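Source: prediction; values computed, not measured.
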Amino acid sequence: MDDVDVTLGPGSPSDLAAAISRSARAADGFGLDIDATLAWVRAVGPDVASASHSAGWESLAATAAVDVAGARMLEPHVDALQILAQAARADAVSTDAVPGEDATWGVFAAEGRGVSVRAREHEGRWVLSGTKPWCSLASHLSHALVTAWTAPDERRLFAVDLRAPGVHPHTGPWVSRGLAQVVSAPVDFDDAAAAPVGDDGWYLRRPGFAWGGIGVAAVWWGASLPLTEALARAAAREGADQLAAAYAGEADAASWAARAVLTDAAGRAGRGVDAPAVLAHRVRATVAETADRIASLAEQALGPAPLTTDEPFARRIADLRIYLRQHHGRRDLAGLGRKLVAS
């Protein structure tokens with residue numbers, strides 16, 4: 001995939017984003033070979049996690065422009081590293097609980113109907129028991145940050161070694177055509193050892209929580225950029241009609257609007273402003289709608305041929321659509337509305 005413009009600030013994309021793009025394109029089996037991609041994630045993750053929000057989001061977008069699944073593996077690893085760094089600065093996590101650079105991280109914070117994970121202290125240590133749904137790549141990762149209930153209305157974040165006794169990842173069910181290799185299945189915990197990261201509620205109330213959600217939006221936007229480029233190329237072909245130009249124009253305008261929203265958020269982050277939850281909701285809603293619309297425009301304008309004969313294109317569409325389901329559509333918009341009413 002050719003380079004695309006992932007700039008979220010003045011000038012050209014950051015040196016880090018450019019380097020991330022080059023290394024991802026050079027990596028054998030990037031996005032498809034899980035072990036090889038996770039090795040790449042371990043190598044680049046610390047640089048992305050320690051970068052400014054603008055450079056970090058550009059890097060996530062650049063990765064998604066190369067391969068959506070590759071970005072899907074990088075984003076939670078970076079999020080976990082940033083959470084752990086923040087916890088360390090706040091003296092909210094034991095240094096003994098944080099493994100070295102060989103670790104690959106997930107963030108398992110989803111809740112599901114009829115399942116939950118409980119945390120309790122037992123003989124001077126914390127243990128987790130129960131089932132956590134939607135744990136992406138749990139069979140391949142070495143560690144994860146896992147939310148667990150310490151009381152009926154209190155949750156805490158814990159660092160867990162996924163290869164330790166008492167941790168049992170499921171291999172499915174996972175019949176998704178999008179992100180097919182990034183299996184998101186439950187994990188059973190049976191008195192699994194865990195190290196607290198912050199106190200009850202710290203994970204959600206910590207400064208910077210909302211910035212992590214915006215990082216996911218940067219991935220969605222980056223994943224849509226090659227589709228916008230494909231529409232532009234179709235409009236430039238000899239004999240292209242006015243409709244081809246209209247599709248390209250609509251996609252470009254939508255993508256530019258999403259870029260402007262992300263750029264505004266990056267500017268706020270650069271000024272040291274903490275992101276209120278309402279900002280993350282606005283950014284995610286705008287970018288999710290944009291990326292979904294661009295995918296639809298690409299399908300309509302380019303017809304069935306690339307969906308049936310161009311494997312990277314068809315996989316990008318499928319991967320992006322399943323990734324976008326992390327945004328819950330009108331339910332998340334309802335959450336935004338409730339926050340506006342309450343403010």
### Summary
Closest non-hydrogen contact found for D102 with R42 is O-CD, 3.0 Å

### Message
For the backbone of V4 and the side chain of E229, can you confirm whether one donor and one acceptor N or O come within less than 3.5 Å of each other?
### Response
no

### Task
Determine whether L204 and F209 make a side-chain contact, defined as any pair of heavy atoms from C-beta on separated by less than 4.5 Å.
yes

### Task
Measure across T131 and P186 and return the closest heavy-atom pair with its distance rounded to 0.1 Å.
CG2-CB, 3.8 Å

### Query
Taking all atoms of both residues into account, what is the closest heavy-atom pair of S23 and V44, and its distance?
OG-CG1, 4.3 Å

#### Entry: Greater than 12 external heavy atoms within 6.0 Å of E311's CD
yes

### Pair R72, S136: side-chain N/O donor-acceptor within cut-off below 3.5 Å
yes

### Query
Pick from L145, V93, V146: which one makes a side-chain contact (heavy atoms from CB on, under 4.5 Å) with L157?
L145

## Note on the structure
By side-chain contact (heavy atoms from CB on, under 4.5 Å), V183 pairs with (sequence neighbours left out) W174, A185

### Message
To the closest 0.5 Å, what do you measure between CG (D200) and CZ (R155)?
### Response
11.0 Å

### Message
Taking the basic N atoms (NZ, or NE/NH1/NH2) and the acidic carboxylate oxygens, is any pair closer than 4.0 Å for R259 and D5?
### Response
yes

### Query
Is there a donor-acceptor pair under 3.5 Å between the side chain of S176 and the backbone N or O of L179?
no

### Message
Taking atom CH2 as the centre, does W149 end up with more than 12 heavy-atom neighbours from other residues, nucleotides or ligands that are less than 6.0 angstrom away?
### Response
yes

### Neighbour count above 12 (heavy atom, 6.0 Å) for D91 CG
no

### Query
Within 45° of the six-membered ring axis of Y203 and under 6.0 Å from that ring's centre, is NZ or CZ of R156 located there?
no

### Query
What residue pairs, at least two apart or across chains, pass ring-ring contact (aromatic ring centres under 6.0 Å, His included) with a residue in residues 12-42?
F30-W40

### Query
Is it true that atom CD of E101 has more than 12 heavy atoms of other residues, nucleotides or ligands lying nearer than 6.0 Å?
no

### Query
Does a side-chain heavy-atom distance below 4.5 Å link R163 with V167?
no

#### Entry: Residue list, side-chain contact (heavy atoms from CB on, under 4.5 Å) with A258, at least two apart or on another chain
W221, V287, T290

### Task
With rounding to the nearest 0.5 Å, note down the distance linking CG in L336 to CZ in R331.
16.0 Å

### Query
Taking the inter-plane angle between the rings of W211 and W57 on a 0 to 90° scale, is it parallel (under 30°), tilted (30 to 60°) or perpendicular (over 60°)?
tilted

#### Entry: Short side-chain to backbone donor-acceptor contact, R315 and D67, under 3.5 Å
no

### More than 12 heavy atoms from other groups under 6.0 Å of CG on D15
no

### Query
Would the number of heavy atoms belonging to other residues, nucleotides or ligands and lying under 6.0 Å from CZ of R118 be above 12?
yes

### Query
To the nearest 0.5 Å, how far apart are CD1 in I83 and CG in L81?
9.5 Å

### Output field: ring centroids F158/W126 closer than 6.0 Å
yes

### Query
More than 12 foreign heavy atoms under 6.0 Å from CD of E289: is that the case here?
no

